[in-house]
Structures are given as structure tokens and as C-alpha cells.
A.B. asks: 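I have a structure here, written as C-alpha cells, and I will follow up with some questions on it.
Sequence positions, counted from 1, serve as the residue numbers for this chain. If you're wondering where the values come from, they're calculated on a predicted model, not measured in any experiment.
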Amino acid sequence: MKICLAQQNYHIGNFEYNTAKIIEAIEAAKKQGADLILFTEMCVCGYPARDFVEFNDFINKSYAAIDVIKQHADTIGVLVGGPARNTTHKGKSLFNAAFFLYEQEVKAEIHKTLLPTYDVFDEYRYFEPSYEWKVILFKGKKLAVTICEDIWNLGDNPLYRICPMDELIKQGPDLMLNLSASPFDYTHDEDRKAVIKSNVLKYKLPMFYCNAVGSQTEVVFDGASLIFDKQGNLCKALPMFGEAIETVVLNDDGSLDAPILEPASRVPDKELNPATLEPELNIAQVYDALILGIRDYFGKMGFSKAILGSSGGIDSAVTLALACDALGAENVRAILMPSPYSTEHSVDDAVQLSKNLGNPYDIIRIDEVFQAFTHTLNPIFKNLPFSLAEENIQSRSRGNLLMAIANKFGYILLNTSNKSELATGYGTLYGDMAGGLGVLGDCYKLQVYALAHYINRNKETIPQNIITKAPSAELRPNQKDSDSLPDYAVLDQVLYQYIERRMGPSEIKDMGFDQALVDRTLKMVNSNEYKRNQFCPIIRISPKAFGVGRRVPIVGKYLN
């Protein structure tokens with residue numbers, strides 16, 4: 001049996017576009033002589049569709065798309081994902097389903113059993129878990145079809161009380177097929193391989209695993225679809241962050257007509273869970289994920305041009321380099337807005353960066369804007385000393401100028417704040433926290449430096465002075481980030497333990513970190529949730545990003 005994997009980038013709610021892509025892949029698979037083509041989870045409507053599935057019209061359009069697709073499933077079996085109505089009238093009104101199409105009919109419907117509600121997932125909000133498990137008979141083979149999370153309930157501490165494959169294996173299947181929409185994070189490539197290998201070795205069956213690719217606002221899907229033989233060897237790996245259609249032959253004895261890329265002995269046995277922050281970990285993947293996140297956000301929203309504030313600092317430099325790569329340098333406008341406290345070398349560094357990248361830039365001094373604000377406020381501020389208020393006026397002046405230019409010329413403002421700053425509240429609401437998309441909001445400061453070195457791997461794109469100089473907001477004379485924050489080498493490690501690993505203060509202190517520093521850092525994190533709650537979407541690259549995947553109270557006393 002020739003089985004094809006279709007790893008494609010879909011657009012949520014764009015049924016005409018998604019349907020056309022699916023049909024195009026079906027026709028390509030036919031030309032490759034495939035018997036069966038496997039698509040990804042919820043591919044018909046796009047994933048995650050979230051509250052769109054609560055609209056009856058949305059579900060009707062999904063069913064209508066399947067009616068069109070099935071006309072092309074004549075001589076080939078097709079497995080596509082989409083929402084399915086629950087006709088039992090018990091439980092939720094929908095299933096997360098896989099539709100098996102053949103001979104221009106819907107031959108079978110498989111429902112997802114395990115509905116994740118952790119991190120970015122909230123599937124039990126919408127879907128009813130499956131209550132029956134049946135293999136699909138097709139061309140003399142028994143297909144065990146599962147959907148994404150259904151294969152992740154293995155290990156010493158299973159998250160769910162049931163494992164769908166434990167039920168399906170009783171029916172003697174010949175192979176496993178998994179339609180997936182598994183998001184990227186910098187540990188997940190290894191995680192997936194470990195989970196698929198565990199399934200293959202447990203059930204002694206080959207697995208064809210097809211994963212979604214493309215960015216849906218903050219969630220990036222990296223593709224990296226995989227095919228394993230029944231011995232746990234990796235025999236096919238589709239590319240990360242790109243579309244692909246690949247066909248592999250399953251022999252009658254259960255072996256694969258494909259070379260071994262990674263023997264089972266070299267495939268990870270367990271999920272990757274670093275004990276400490278490793279800033280360089282899979283940094284090339286992080287870079288590619290951010291590029292895809294920017295490109296798809298703009299493309300799917302119908303925008304083509306970006307604007308950002310270029311300060312001569314590391315964060316804006318890395319954001320600018322990423323945006324130029326994603327959108328083309330000619331489509332990214334940098335605005336340099338020096339204040340009375342900006343150093344000349346910062347301006348020079350920002351100018352040199354734009355010259356290196358070839359993007360348009362403008363210099364708009366904010367001295368007069370800042371003076372106008374302080375003059376207007378003088379009757380109220382009187383002779384009170386310079387403080388955070390004056391610093392934030394500068395930041396908000398820049399935010400207003402950037403948004404004015406964005407509105408005038410149809411740009412989207414890219415935010416340049418990093419995860420360390422967002423965690424500790426080191427940013428100004430409606431100032432440097434303004435933007436339509438947070439590019440680095442899930443990258444700690446140490447990871448931003450790692451990205452800068454990666455960008456400069458072949459040539460000096462980011463001027464070396466930007467990388468080596470001490471970080472500073474330059475909102476008052478001789479200001480340094482270290483005036484307000486612990487050293488990033490220590491701060492980021494503490495933040496990682498609290499945010500990613502959910503360690504409490506005593507556990508972090510037991511690791512050797514200074515007690516007062518830990519208390520101060522965790523207090524900053526919790527007391528600044530109100531700021532993050534007003535922040536723009538952040539491209540997710542870590543196992544625990546700010547945004548939809550992290551829900552903590554704004555008004556709370558814990559560690560605050």
C-alpha cells in the first residue's frame with residue numbers, strides 16, 4: 001500500500017482556500033500512485049478554530065467542504081480532519097473528527113478521544129470525547145486511526161484514564177495513522193519522536209504521523225511529519241516549517257520501502273525537559289519558527305508591511321533582522337527616535353544595522369515632543385524631581401509616533417519586548433509595549449543574544465557593538481537595565497524555573513539562588529500580570545509562553 005502524507009499550511013475559516021489545497025494534494029498523491037493520503041487534524045477548517053466552531057454556519061461550511069473534497073476521493077482513500085456533529089444528543093454537540101473518504105463517499109468517521117485542556121489547548125470546551133473505537137478496513141488492511149493527543153497517553157504518569165490504541169490493538173490493525181496539529185516549541189521535535197517511538201514499540205506497528213505546518217496567530221505548527229517502521233526506526237521525516245507531500249510504500253509484511261534515517265537506538269526515548277534554561281537550544285528552529293510566525297501573521301491578515309522602533313539595542317535589532325527575512329527588507333520600516341538621553345553610538349548602531357539589512361529607515365527626534373509634554377504637565381508636576389513618569393512619557397511618545405505612521409501608511413507595528421522584560425514588567429504600557437505582534441515576547445534576553453549570534457553566523461549583520469554593549473532603555477542619563485533588574489544571566493534562570501518549570505520560591509532557593517533575589521523576581525512577575533494581559537499576541541516558541549497558554553489571576557496575593 002502506497003501511503004502519502006500531506007503536510008500543508010491552512011488558514012482558519014478560509015474553507016475555499018483550504019479545500020483547494022487539499023484537493024491539489026489529493027491529485028498530486030494520485031500522480032504518485034498513492035492508495036491513501038493522510039492530512040492533518042481539523043485541516044478542513046484550520047486549527048485551532050476555537051469559538052468559531054460554536055457557529056452553526058461554520059460547521060455547515062466545514063461539511064460542505066468535505067462534500068466537495070470527497071468527489072476527488074474516487075480511486076484513492078482520503079483521511080481529512082474537521083468538526084463532526086454529535087448525533088447522540090448527549091454531551092458536547094461536536095466531535096474533533098477524522099473523515100475517511102473513498103469512492104466519493106464518507107466511509108467512516110473517527111472521533112478524537114483525548115481532549116487536551118492544558119497550555120494552549122482547550123478542546124474539552126468544544127468537543128465530546130469518543131466513546132467507541134473501530135479500525136477502518138481498506139484494501140485488505142486494518143487502519144488504526146487516531147488524532148493528535150490520542151497517541152500521547154503513554155509513560156509512567158498518563159494524563160488520561162484511557163488510551164485509544166489499547167482499544168484499537170484488540171482488533172488486529174496493520175498500521176497506525178495519526179492526524180495531528182502539534183504546536184512547535186524548542187523541545188517538541190525530540191518529544192514527538194520519543195512519543196511515536198514509544199507507540200511503535202508498544203504496539204509493534206508502523207506509524208504514519210502527519211502534522212500541521214504554519215502559524216495561527218501565536219501558535220506555530222512546524223510540520224516535521226514522521227514515518228516509523230514497526231521496529232521503532234525513523235524512515236521518513238518531512239521538513240520543518242515548510243509544506244511537503246511525500247509517499248512511502250508499506251509492504252505486506254509490515255515493513256517500509258524506505259531507508260532508515262535514524263535507527264531506534266538513536267531516536268530519543270523520553271521527552272526533552274531541560275532542568276535549566278539553555279539559551280542556544282535548537283536556536284535555528286527558534287529562528288525559523290519566528291520567521292514563519294511573522295510571515296503567516298502578515299500574510300493571513302492581508303498585510304505586507306511592518307514598522308518598528310529601532311533603538312540601537314539588541315531586541316529591536318533582532319526583531320528588525322527577523323522581520324526583514326520574513327517580509328523582505330523593502331517592506332520593513334525602522335524608525336529611530338532619539339531622545340535627550342539617547343547616546344550617539346546607539347543612533348549610529350541603528351543606522352548601520354538598517355544599512356546592513358537594506359531596509360528603509362527614518363530618524364525622528366522626540367526632544368520637542370517630550371518637552372511639550374513636560375511643559376503641559378508642569379502646572380501639575382510643578383517642581384517634583386524627574387521620575388518614572390518622565391521616562392514613560394518618552395516611551396509613549398515613541399509609541400504614538402509609530403502608531404501614527406503605521407495608521408497613515410498601512411503598516412503593522414512589531415513589538416520588540418523580550419520575555420524577561422514582560423515577566424518583570426520592565427516596559428511601558430501604550431509605549432514600548434504597543435504593537436500588533438510580539439516577536440520576541442517568548443524569548444528570554446539570553447535567547448535574544450543567541451538569536452543575534454545565529455543571525456551573524458555567516459556575516460556581521462547586527463553590528464557587534466549592539467551585541468556587546470550593556471543593555472539600556474536610555475530614558476535617563478547613564479541608565480542601564482541592571483539598575484532595575486538583576487543580571488540577565490541570573491534573572492533568566494530564575495524566571496525559567498518559575499514560568500516554564502512551575503517551581504515555587506523555596507524550590508528555586510534550594511537550587512542555590514539568592515533568597516532576596518528570588519523573592520523580588522517572583523513578586524515582579526506576579527504583580528505585572530495586568531500589563532501582560534493588555535499585551536499583543538506573542539509568537540510561541542517555548543513550552544510555556546505568556547498569553548493563551550498561561551492563565552494566572554491579575555488580582556491575586558500569591559508571591560505578590
Side-chain angles (χ1 to χ4, degrees), residues 12 41-42 47-54 92 94 96 112 114-129 148-149 152 157 159-160 181-188 191 215-221 271 273 277 289 293 297 415 417-427 429 433 435-444 447 492 494-505 507-508 518 521-560:
I12 294 171
E41 180 179 14
M42 299 287 278
Y47 183 88
R50 296 186 176 142
D51 283 10
F52 276 167
V53 300
E54 296 179 346
K92 303 292 197 321
L94 296 171
N96 181 334
K112 188 173 183 178
L114 309 182
L115 303 174
T117 56
Y118 55 83
D119 201 70
V120 299
F121 304 105
D122 201 3
E123 292 204 23
Y124 194 63
R125 176 184 175 98
Y126 310 106
F127 302 116
E128 182 70 10
C148 200
E149 186 85 353
W152 286 78
N157 185 26
L159 184 61
Y160 307 93
S182 177
F184 169 80
D185 70 60
Y186 53 71
T187 69
H188 215 47
D191 292 352
S215 183
Q216 309 292 1
T217 312
E218 63 275 271
V219 182
V220 178
F221 298 94
E271 297 180 28
N273 185 21
L277 175 65
Y297 186 82
N415 185 274
S417 302
N418 62 62
K419 192 171 187 175
S420 308
E421 293 171 344
L422 290 174
T424 55
Y426 195 62
L429 276 174
M433 292 183 73
L437 180 68
V439 176
L440 299 178
D442 199 26
C443 298
Y444 289 111
Q447 290 174 304
D492 284 359
V494 173
L495 292 172
Y496 177 81
Q497 295 303 323
Y498 182 53
I499 298 168
E500 268 81 353
R501 292 176 61 80
R502 269 81 83 195
M503 295 289 186
E507 295 168 294
I508 299 173
V518 171
T521 299
L522 271 51
K523 179 179 174 62
M524 285 192 290
V525 175
N526 285 15
S527 62
N528 283 288
E529 185 61 30
Y530 78 99
K531 284 189 176 182
R532 292 187 293 273
N533 196 60
Q534 301 178 64
F535 196 63
C536 57
I538 296 168
I539 301 173
R540 176 185 182 272
I541 57 93
S542 82
K544 182 57 66 176
F546 292 130
V548 295
R550 186 177 185 272
R551 308 174 192 181
V552 301
I554 294 174
V555 180
K557 185 61 180 171
Y558 178 58
L559 306 180
N560 192 345

A.B. asks: Do T187 and E271 have side-chain heavy atoms sitting under 4.5 Å apart?
C.D. replies: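 No, their side chains stay 4.5 Å or more apart.
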A.B. asks: Does any non-hydrogen side-chain atom of Y498 lie less than 4.5 Å from one of T521?
C.D. replies: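 SC-SC contact between T521 and Y498 ruled out.
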A.B. asks: What I'd like to find out is whether the side chain of W152 reaches to under 4.5 Å of the side chain of L114, using heavy atoms alone.
C.D. replies: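 In short, these two side chains do not touch, never coming nearer than 4.5 Å.
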A.B. asks: Short question: side chain of E529, backbone of V525 - any donor-acceptor pair under 3.5 Å?
C.D. replies: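 No, E529 side chain to V525 backbone: no donor-acceptor pair under 3.5 Å.
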A.B. asks: So how far is it from D191 CG to D185 CG, rounded to the nearest 0.5 Å?
C.D. replies: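 Taking CG in D191 and CG in D185, the distance rounds to 6.5 Å.
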A.B. asks: Mind listing the side-chain donor-acceptor pairs of residues 553-560 below 3.5 Å, one per line with the distance, residues two or more places apart or on another chain?
C.D. replies:
{"from": "K557", "atom 1": "NZ", "to": "N560", "atom 2": "O", "distance (Å)": "3.3"}
{"from": "N560", "atom 1": "ND2", "to": "G556", "atom 2": "O", "distance (Å)": "3.4"}

A.B. asks: So does A423 get a backbone contact from the side chain of R532, meaning a donor-acceptor N/O pair under 3.5 Å?
C.D. replies: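 Looks like yes, one N/O pair under 3.5 Å.
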A.B. asks: Rounded to the nearest 0.5 Å, what's the gap from OH on Y496 to OH on Y444? Could you check?
C.D. replies: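 Going from the OH atom of Y496 to the OH atom of Y444 covers 8.0 Å.
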A.B. asks: Taking the basic N atoms (NZ, or NE/NH1/NH2) and the acidic carboxylate oxygens, is any pair closer than 4.0 Å for E123 and K112?
C.D. replies: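 Salt bridge present between E123 and K112.
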A.B. asks: Taking all heavy atoms of Y530 and all of L429, pick out the closest pair and write down the distance.
C.D. replies: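 Closest approach of Y530 to L429, heavy atoms only: CE1-CD1, 3.9 Å.
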A.B. asks: Using side-chain heavy atoms (C-beta onward) and a distance below 4.5 Å, is S417 in contact with F535?
C.D. replies: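 S417 reaches F535 side chain to side chain.
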A.B. asks: Roughly how far, to the nearest 0.5 Å, is the CG atom of N418 from the SG atom of C443?
C.D. replies: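 C443 atom SG to N418 atom CG measures 8.5 Å (nearest 0.5 Å).
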A.B. asks: For Y126, does the six-membered ring have the charged nitrogen or CZ of K92 within the cation-pi criterion, i.e. under 6.0 angstrom from the centroid and within 45° of the normal?
C.D. replies: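 No, K92 does not lie over the aromatic ring of Y126.
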A.B. asks: Under a 3.5 Å threshold, yes or no: a donor from one side chain and an acceptor from the other, between E149 and Y160?
C.D. replies: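 Their side chains do contain a donor-acceptor pair, which is all the 3.5 Å distance test asks for.
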A.B. asks: State, yes or no, whether a side-chain contact exists between L440 and Q447 at a heavy-atom distance under 4.5 Å.
C.D. replies: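 A side-chain contact is absent here, since even the closest heavy-atom pair is not under 4.5 Å.
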A.B. asks: M433 and G427: which non-hydrogen atoms are nearest, and at how many Å?
C.D. replies: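 Residues M433 and G427, closest heavy atoms: SD-C, 3.9 Å.
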A.B. asks: Given 3.5 Å as the limit, does a donor-acceptor pair link the side chain of R125 with the main chain of D51, or not?
C.D. replies: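 No, R125 side chain to D51 backbone: no donor-acceptor pair under 3.5 Å.
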A.B. asks: Please find the pair of heavy atoms, one from A181 and one from C148, that lie closest to each other, and give the distance.
C.D. replies: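 Heavy atoms of A181 and C148 come nearest at N-SG, 3.6 Å.
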A.B. asks: Would you say that F121 contacts P183 through its side chain, given a criterion of any heavy-atom pair below 4.5 Å between the two side chains?
C.D. replies: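 A side-chain contact under 4.5 Å exists here.
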A.B. asks: Working to the nearest 0.5 angstrom, can you tell me the gap between Y186 OH and F184 CZ?
C.D. replies: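 That separation rounds to 9.5 Å.
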A.B. asks: Taking everything shown except F52 itself, do over 12 heavy atoms lie less than 6.0 Å from its CZ?
C.D. replies: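 No.
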A.B. asks: Which heavy atom in V120 sits nearest to a heavy atom in R50, and how many Å separate them?
C.D. replies: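 Looking at all heavy atoms of both residues, the closest pair is O-NH2, 4.3 Å.
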A.B. asks: Would a distance-only check, ignoring hydrogens and angles, find a side-chain to backbone donor-acceptor pair under 3.5 Å from R502 to E500?
C.D. replies: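 Pair found, side chain donor or acceptor close to backbone of E500.
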A.B. asks: Would you kindly say whether D442 and S542 are connected by a side-chain donor-acceptor distance under 3.5 Å?
C.D. replies: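 There is such a pair (donor and acceptor under 3.5 Å, judged by atom type) between the side chains of D442 and S542.
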A.B. asks: At their closest point, which heavy atom of P537 faces which heavy atom of G436, and how far apart are they?
C.D. replies: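 In this case the closest contact between P537 and G436 is CD-O, 3.5 Å.
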A.B. asks: Show the numbers, then the answer: is there a side chain to side chain contact (heavy atoms under 4.5 Å, CB included) between I12 and T217?
C.D. replies: CA-CA 10 Å; I12 294 171; T217 312; over 6 Å; no
A.B. asks: Distance check, rounded to the nearest 0.5 Å: I538 atom CD1 versus I541 atom CD1?
C.D. replies: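 Interatomic distance, I538 CD1 to I541 CD1, rounded to 0.5 Å: 10.5 Å.
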A.B. asks: For residues C536 and G438, report the shortest heavy-atom separation together with the two atoms involved.
C.D. replies: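 Nearest pair, atom of C536 first, then G438: SG-N, 3.3 Å.
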A.B. asks: Should the pair E421-K531 be classified as a salt bridge under the 4.0 Å nitrogen-to-oxygen rule?
C.D. replies: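 Between K531 and E421 there is no salt bridge, as every charged N stays at least 4.0 Å from the carboxylate O atoms.
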A.B. asks: If I take atom CZ from residue R501 and atom CG from residue L495, how far apart are they, to the nearest 0.5 angstrom?
C.D. replies: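 That separation rounds to 14.5 Å.
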A.B. asks: Could you check whether any side-chain N or O of N528 sits under 3.5 Å from a backbone N or O of M524, counting only pairs where one atom can act as donor and the other as acceptor?
C.D. replies: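 Yes: the side chain of N528 pairs with the backbone of M524.
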A.B. asks: Who passes salt bridge (Lys or Arg N to Asp or Glu O under 4.0 Å) against D119, sequence neighbours left out?
C.D. replies: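 D119 satisfies salt bridge (Lys or Arg N to Asp or Glu O under 4.0 Å) with R540, K544 only.
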A.B. asks: Are side-chain N/O atoms of Y47 and N96 paired as donor and acceptor at under 3.5 Å?
C.D. replies: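 No, because no side-chain N or O of Y47 sits under 3.5 Å from a partner of the opposite role on N96.
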